[in-house]
Structure formats: structure tokens, C-alpha cells
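Working notes for the structure below.
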Amino acid sequence: MRIEYDIKLGFKDVMFRPKRSTLKSRSEVSLEREFKFLHSPETWTGIPIMAANMDTVGTFEMALALSEKKLFTAIHKHYSLSKWNNFTSNLTKDKNNFIAVSTGIGQNDSDKLAKIIQQNPNIKFICIDVANGYSEHFANFVKQTRELYPKKVIIAGNVVTGEMVEELLLCGADIVKVGIGPGSVCTTRVKTGVGYPQLSAIIECADAAHGLGGQIISDGGCTTPGDIAKAFGAGADFVMLGGMLAGHDESGGKIIESNGKTYKQFYGMSSSTAMDKHVGGVANYRASEGKTVEVLYKGAVENTLQDILGGIRSTCTYVGASRLKELTKRTTFIRVNEQENTIYS
Ligand code: 5GP
């Protein structure tokens with residue numbers, strides 16, 4: 001047994017130190033980024049915030065709303081081939097830049113992926129998603145997917161350490177998804193004791209990825225626009241959101257009326273709710289690693305997006321970054337023991 005004693009940090013452990021700036025207004029800040037990829041010949045320009053591939057968040061409706069603002073959606077893997085065909089038949093070409101098709105690593109998953117891509121060749125991004133990205137089978141699946149789809153942008157995850165980021169990039173991933181256990185409806189840390197504080201995971205994984213010319217997505221744990229800004233400040237190229245995009249018109253999940261208030265159901269993809277829905281229950285060798293919650297109904301996602309993007313632009317003005325790309329270079333984090341004043345909340 002070994003213990004690593006250097007402390008690992010989450011979003012709540014730091015704040016940005018303000019810096020002198022020549023920016024006059026947050027309207028001068030550009031949140032768009034342009035990326036070239038390690039393996040795929042594609043280039044991408046947009047605001048690098050993504051809806052998670054959960055069936056309550058990564059919906060076709062969400063993708064239409066987010067792509068209007070040049071934000072990305074990892075579409076969840078439970079849509080049928082016919083629903084995909086129907087969706088893409090109405091899609092303008094530029095919107096293909098803002099969606100990924102998600103897949104697991106089973107034979108059924110790869111067969112379905114092949115059909116979706118064959119019938120919708122304009123899809124550019126594939127998101128290979130497993131809860132534990134440390135298995136050899138997963139790395140082999142990434143390799144095989146790269147061989148089958150040499151031009152697609154491949155996202156693979158989730159991992160939290162630099163050596164596994166490097167391994168997945170070398171196996172053919174362009175972008176590695178980072179995060180084990182930080183999610184709002186995730187119970188992995190409780191059920192298994194496994195995890196890695198998200199800010200440190202980002203810092204270490206971004207360093208590993210950027211050294212090889214790859215990118216990372218910080219996945220999970222953002223509860224405020226400030227957390228998203230911290231993820232970018234720590235070095236994340238993209239930030240993926242679940243809970244912050246739940247509860248909207250464009251989100252999935254049942255509507256629930258209770259005590260005169262309206263809620264929408266939101267649940268983890270390993271929760272018993274999701275497993276009942278998609279695979280007929282929790283298999284007897286495993287435990288659910290996700291929660292089911294009700295979030296207050298929030299209306300159109302457009303208003304939430306404005307709040308998020310406004311917050312990040314403001315972060316950039318506080319540290320003097322005129323473009324999101326510069327935010328990490330302009331970032332000094334201070335370690336803190338307090339965050340916001342909660343007296344009226
Ligand atoms: P959030 O933004 O809500 O904090 O986190 C979203 C992320 O949580 C997702 O992108 C995914 O990585 C993770 N996640 C979603 N469902 C589950 C689940 O059931 N269990 C676990 N361990 N993680 C989940």
C-alpha cells in the first residue's frame with residue numbers, strides 16, 4: 001500500500017486571483033476556440049462547452065438549441081437508428097460540427113455505431129464512453145475505432161490520470177474525457193471509494209494531453225458558471241455539463257408537479273432509473289452508481305446559456321484574458337477555505 005501525500009484539489013478549493021487588465025467590457029471577450037486534432041484531419045471552431053451524453057441532457061432538442069450558439073452536444077447512445085436518420089435529415093451541414101454520436105464498447109454498441117455512421121456519414125465526432133477508462137478492452141476498442149474511422153474526431157473516456165490520457169491518445173483518441181466521480185448524480189465515490197478531485201485531474205491530464213498534441217474534456221462536477229471558468233483556467237479544452245443543463249425544455253426526463261412547483265427528473269446513466277429504462281434493470285453482479293433526483297424546471301436552456309457564457313466572459317475580464325484561449329495562461333489560483341456567502345441562500 002502506498003499513499004500520495006500531495007493534496008489534490010476540487011473546484012471549491014480555489015478561486016482566481018484577479019489581475020490588472022486593459023479590457024473595458026466583457027463584450028470584448030471571445031469564447032470561441034479553434035482546434036486541430038491529433039489524428040483527425042477535421043478542424044473545429046466553437047464555444048467549447050458540451051452537453052453530457054446522458055439521456056436527460058444529450059438530446060436532439062438540446063443539440064439544436066446549443067448548436068445555435070456554437071456549443072456542442074454529445075448525443076446519448078439510446079436513440080434508435082431511425083431516430084438518428086430522422087434527426088440528421090433535417091440538420092443543416094454546419095450543425096454536424098456540434099454533435100457527437102456516443103457509444104459504449106460492446107459488440108451491439110459498435111454494430112449500432114457502424115450503422116449510424118454508414119447512414120449518416122456527415123457525423124464528424126464519435127464519443128466512446130465508459131465509466132472506467134482503465135481497462136485494456138477499452139483501449140483496444142479505441143484502437144479498433146480509430147482504424148475503422150480514420151477521419152472522425154474520436155473522444156474517449158473517462159480517466160483522471162496523465163499516463164492513461166497518453167495511452168488513449170496513442171491508441172487513436174483525439175480528445176480524452178476526464179472525470180471519475182465528480183458528477184452531480186454520480187455515486188461512484190460513495191459506492192467504490194474511487195475518484196480524483198476534478199481540478200487536479202484537469203491540471204494533470206491537460207498537461208499530459210497537450211504534450212502530445214491532444215485535448216481534454218473536463219467532465220462532471222461543475223455546479224456554477226464559476227466552476228466552468230475554473231475548469232478552463234486549469235487547462236480544460238472543453239467542459240462537459242450534465243446537471244447544469246438538466247431541467248430545461250430541451251432536456252429529457254419526466255415532468256413532475258409537486259406542491260405547486262414544476263420539476264424535471266434527472267438521473268445518472270448508471271442509476272437504477274436508467275438501467276430499468278434501457279437494459280431492463282440492474283444486473284445482479286453490480287450496484288447502481290447513480291442517483292435519481294428532481295430538479296426545478298428552468299424553462300428554455302437559452303437563458304441558462306446566457307448566464308453561463310456571461311459568467312465566463314466576466315472571469316476573463318477579471319484576469320485580463322481577451323480570448324478564452326488565454327484564460328489558462330492568465331490563471332493564478334489561490335487556495336481557499338471559503339467560497340460564497342450563503343447567508344441568504
Ligand atoms: P454533472 O455535470 O452533472 O456534475 O456531471 C455529468 C457527468 O456525470 C456525466 O457527463 C458523466 O460523466 C457522469 N455521470 C452521469 N451519470 C452517471 C452515473 O450514473 N454514475 C456516475 N458515476 N457518473 C455519471
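Just so you know, ligand 1 is whichever comes first in the structure, and atom 1 is the first atom listed for that ligand. The first residue of the sequence shown is numbered 1, and numbering continues consecutively from there.
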For [atom], what's the nearest protein heavy-atom neighbour? Residue, atom name and distance, please.
{"atom": "atom 3 (O) of ligand 1", "result": "Ser184 OG, 2.5 Å"}
{"atom": "atom 19 (O) of ligand 1", "result": "Ser270 N, 2.6 Å"}
{"atom": "atom 15 (C) of ligand 1", "result": "Met54 CE, 3.4 Å"}
{"atom": "atom 2 (O) of ligand 1", "result": "Gly242 N, 2.7 Å"}
{"atom": "atom 11 (C) of ligand 1", "result": "Asp219 OD2, 3.7 Å"}
{"atom": "atom 20 (N) of ligand 1", "result": "Glu289 O, 2.6 Å"}

Judged by modelled atom types alone, do [X] and [Y] share a side-chain donor-acceptor pair under 3.5 Å?
{"X": "Asp111", "Y": "Gln107", "result": "yes"}
{"X": "Asn303", "Y": "His248", "result": "no"}
{"X": "Thr187", "Y": "Glu289", "result": "no"}
{"X": "Ser218", "Y": "Gln198", "result": "yes"}
{"X": "Ser30", "Y": "Glu32", "result": "no"}

Does ligand 1 come near enough to [X] that some N or O of the ligand is less than 3.5 Å from an N or O of the residue?
{"X": "Asn53", "answer": "no"}
{"X": "Met240", "answer": "no"}
{"X": "Gly221", "answer": "yes"}
{"X": "Thr188", "answer": "yes"}
{"X": "Lys177", "answer": "no"}
{"X": "Met269", "answer": "yes"}
{"X": "Gly183", "answer": "no"}

Inset, instruction - Assess Ala131 for proximity to ligand 1: is some non-hydrogen atom of it under 4.0 Å away? - result: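 Checking ligand 1 against Ala131, which is what was asked, there is no heavy-atom contact under 4.0 Å.
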Inset, instruction - Assess Met244 for proximity to ligand 1: is some non-hydrogen atom of it under 4.0 Å away? - result: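 No, Met244 has no heavy atom closer than 4.0 Å to ligand 1.
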Inset, instruction - For salt bridge (Lys or Arg N to Asp or Glu O under 4.0 Å), just list the numbers for Lys277 and Asp55, CA-CA rounded to whole Å, side-chain angles, deciding distance to a tenth of an Å, and then say yes or no. - result: CA-CA 10 Å; Lys277 193 164 170 195; Asp55 65 358; 3.7 Å; yes
Inset, instruction - May I ask you to say whether Lys95 pairs ionically with Glu68, meaning some side-chain N is under 4.0 Å from a carboxylate O? - result: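 Salt bridge flag = yes for Glu68 with Lys95.
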Inset, instruction - Using a strict 4.0 Å threshold on nitrogen-to-oxygen distance, state whether Arg146 and Asp174 make a salt bridge. - result: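 Salt bridge: yes.
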Numbered atoms and elements of ligand 1 in range of [X], under 4.0 angstrom, heavy atoms:
{"X": "Ala52", "value": "10 (O)"}
{"X": "Ser271", "value": "19 (O)"}
{"X": "Leu241", "value": "2 (O)"}
{"X": "Asn158", "value": "12 (O)"}
{"X": "Gly243", "value": "1 (P), 2 (O), 3 (O)"}

Legend entry - Best match, Gly157, Pro182, Gly220, Ser272: closest heavy atom to atom 5 (O) of ligand 1: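 The nearest heavy atom belongs to Gly220.
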Inset, instruction - Have a look at Ala51, Ala274, Cys186 and point out the one with the heavy atom closest to atom 23 (N) of ligand 1. - result: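 Considering heavy atoms of Ala51, Ala274, Cys186, the nearest to atom 23 (N) of ligand 1 sits in Cys186.
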Inset, instruction - Without swapping roles, check the side chain of Lys191 against the backbone of Cys186 for a donor-acceptor pair under 3.5 Å. - result: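 Looks like no, no N/O pair under 3.5 Å.
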Inset, instruction - Check whether any side-chain N or O of Arg26 sits under 3.5 Å from a backbone N or O of Gly311 as a donor-acceptor pair, and report yes or no. - result: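 Such a contact is absent between Arg26 side chain and Gly311 backbone.
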Legend entry - Protein heavy atom under 4.0 Å of atom 9 (C) of ligand 1: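 Given the 4.0 Å cut-off, atom 9 (C) of ligand 1 counts as touching protein heavy atoms.
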Inset, instruction - Apply the ring pair (Phe, Tyr, Trp, His ring centres under 6.0 Å) test between Phe35 and each candidate in Phe72, Phe238, Phe125; give the one that qualifies. - result: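 Running ring pair (Phe, Tyr, Trp, His ring centres under 6.0 Å) over Phe72, Phe238, Phe125 with Phe35 returns exactly one hit, Phe238.
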Legend entry - Crowding at CG, Asn337 (>12 non-hydrogen neighbours, <6.0 Å):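 Count not over threshold, so no.
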Inset, instruction - Any chance you could measure Leu148, atom CG, to Leu113, atom CG, to the nearest 0.5 Å? - result: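 Between Leu148 CG and Leu113 CG, I get 8.5 Å after rounding to 0.5 Å.
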Inset, instruction - Heavy atoms only: give me the nearest Leu327-Phe232 pair and the separation to one decimal. - result: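 Taking every non-hydrogen atom into account, CD2-CB, 3.8 Å.
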